[in-house]
Amino acid sequence: MLSLIVRRLLLGIPNIILISVLLFFTILGALGSPATLMLGLDATPERILELERQYGFDRPLYVQYIDWVWKALNGDFGRSYATNQRVVDALLPRILPSVELALLGMIVAVTTSVVFSSITVGRRIVQPVVNILSLIGITVPNFMLGITLTYIFSVVLGILPTSGWAPWSAGIFEHLLHLILPVLTVAAYYFASFGLVYRAEYRATSRRLYIQVARAKGLSESAVSFRHILPNSILPVITQVGSSLGQLAAGALVAETVFSIPGVGTLFTSALLSRDFPVFLAIGMITIVSVVVMNLLADLLYVAANPQIRLD
Amino acid sequence: MARNSLLEVENVSVSFKSAQGPIRAVRDVSFRINPGEIVALVGESGSGKSTTGLATMQLIPSATVSGRICLTRKDGTKADLVSLSESDIRRVRGNEVAMIFQEPMSSLDPVFTIGTQMCEAARVHQRLSYRQAYAASIKALEAVGMPDPEKCMETYQHKLSGGMRQRVMIAMALSSKPSLLIADEPTTALDVTIQAQIVEYLKRIQKQTGMAILFITHNLGLVAEIADRAIVMYAGEIVESGSVSELFTRPRMPYTSGLLKSLPRLGRKKTLGTPIEPIPGSLPSPLALPSGCKFHPRCGHFVAGVCDTAVPELESSDQAHQVRCARWRDIARTAQ
């Protein structure tokens, strides 16, 4: 088990390096000289050269890359061109809201999709409802869903806040109240896509002989469904959670923007608009690392869920 | 019948819906099993024998079962399994009628340890603490000759061989002391040496517990080994039934004699002078059943106008010996 974890971690490192190289070179290569971007198109060539020398943009790209990596490893992602704030200082306080939103969204998506697809009591009523909700989750764009939910729950019914973020210090109730709509918005798509994967696997598993054996023991349909079909059908969902969570942890762009949550996603949007590349390089790296780590976690969960994998 | 039978299957038909119309996999099957009796249900794959077994447990949700399957329950009352509600049939499954299946390799849940599954089975119908269920499971595993029961309880199914898994299945099936065990080809997927062991354990346990066994098989050698009585099925119908010694020495239905003749036997050529005679052709499709006797296209005694017109009735040729053949009297006479 331990050697498996170590092996997976070691495998993750070349992954991270490779993607970080790609990220750095495509961003800097595509943007051209950051000095031009910072000074605007009508800047004099002398001024651009001066700035390039000042920031070190005149050096070859690979030197800049190594320099950037070295500083990043020491926790220095440079300064934002837009605000001159240290990137780390701009980023750190935004990580928690994003992670919280991502985790809650995933938990809601996984539990609802799995539970509603496994329910055997009243299946005739539950299943069509689940199908319709899945259709909505997959087809309706996130921003529209967010706005619609706000309209219904905040404007018409007036029971939930329209947007914004209440820190923990404002009280748990207030905090969670502000999270409900963003979490639902994030969860909707994943509820639908996890449900599709899970139901396909569920159907396959329910045809297995050991499921018939479970029925022959005299177990009730819901015991068969939740105790035997569910654990044998959940693996593909775990894999999906791994990759989705990694991306979400680095900011649910749309949901954060719609509900003005001070997360990584909103920082990324504003950095993108002002071409503040030290910021989005840093966010890019966080995304990569969190995707790799989450995939690793998913693999470990996989091993925990299926004893047969434990051998290899 | 003076004796109170344990299971009475009366005019049971099982049909499936299909795109080409309903498939009547089992037609008008009637038989009874007495307490403590071992009855073999014999036939080729596709003859409807497994479907009959599953229908008894009401384990085919996609099928329509008609007729009556009357079980004498442990408390002495009788219940028609076909008309029981889902929650009532659940109290029968595993508790009064248990079942083991053909594929021990896929009969156990890969996610849980053997112990978890055994305790689950033990606790479905009995009020047991986990500890009591654990102790009972260890005992059950010992009864089926599991070498190291404690260790077995902690392992997962993929570490056990097919024979070991089938032992676990038997132990699990016996956990609620059922009065009837339906064994659906329990040894077919196993090596011959393991087959013999499993059959031995089944016989031994049957003697100890006095439960009845419906032994579904295509293997006539096993029938002779284990069963008191045998029922032969062909294309969804019972074609002959009787005591095993009767059927093996005086088969009346040409299909049964065909089955016996296609059985390889050591030294048959020298002593009996008859080599193996396979039955020509194959089982008809349930969607295109022949008219009259379902076996007539493959039968050596076929007479046009007799065998292909009316479906022969299942009639008694002898005390407790039934046969479905329009010409069994003629055939019996010429054989003598």
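Letters go in sequence order (proteins before strands), and every chain restarts at 1.
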Evaluate K217(A) against Q117(B) for side chain to side chain contact (heavy atoms under 4.5 Å, CB included), listing each step before the verdict. CA-CA 10 Å; K217(A) 280 181 190 174; Q117(B) 294 177 64; 3.9 Å; yes
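Of all non-hydrogen atoms in S107(B) and Y210(A), the two that sit nearest each other are O-CB, 3.4 Å. Closest heavy-atom contact between P110(B) and N232(A): CG-OD1, 3.4 Å. In plain terms, the two heavy atoms of F112(B) and R227(A) that are nearest each other are CE1-O, 3.1 Å. The minimum heavy-atom distance between G218(A) and V124(B), with the atom names listed, is O-CG1, 3.6 Å.
Between chain A and the options H125(B), Q157(B), Q102(B), M99(B), heavy-atom pairs under 4.5 Å are most frequent for H125(B).
For OH of Y189(A), the number of neighbouring non-hydrogen atoms (other residues, nucleotides, ligands) closer than 6.0 Å is 12 at most. In this structure, I172(A) places its CD1 atom where only 12 or fewer heavy-atom neighbours from other residues, nucleotides or ligands lie under 6.0 Å away. Open room surrounds NZ on K139(B); 12 or fewer heavy atoms of other groups in view lie less than 6.0 Å from it. Counting non-hydrogen atoms of other residues, nucleotides and ligands closer than 6.0 Å to OH of Y134(B) gives a total above 12.
In this structure, chain A has no heavy atom under 4.5 Å from any part of A98(B). Of the two parts of R215(A), the backbone and the side chain both hold a non-hydrogen atom closer than 4.5 Å to a non-hydrogen atom of chain B. With a 4.5 Å cut-off on non-hydrogen atoms, I100(B) does not touch chain A at all. The part of L108(B) that comes within reach of chain A is its backbone (N, CA, C, O), which places non-hydrogen atoms under 4.5 angstrom from that chain. Contact annotation for V111(B): both backbone and side-chain heavy atoms come within less than 4.5 Å of a heavy atom of chain A.
Two residues are said to be in side-chain contact when any heavy atoms from C-beta on lie closer than 4.5 Å; M172(B) and V213(A) meet this criterion.
A side chain to side chain contact (heavy atoms under 4.5 Å, CB included) with L219(A) is found for exactly one of E120(B), R93(B), R90(B), namely E120(B).
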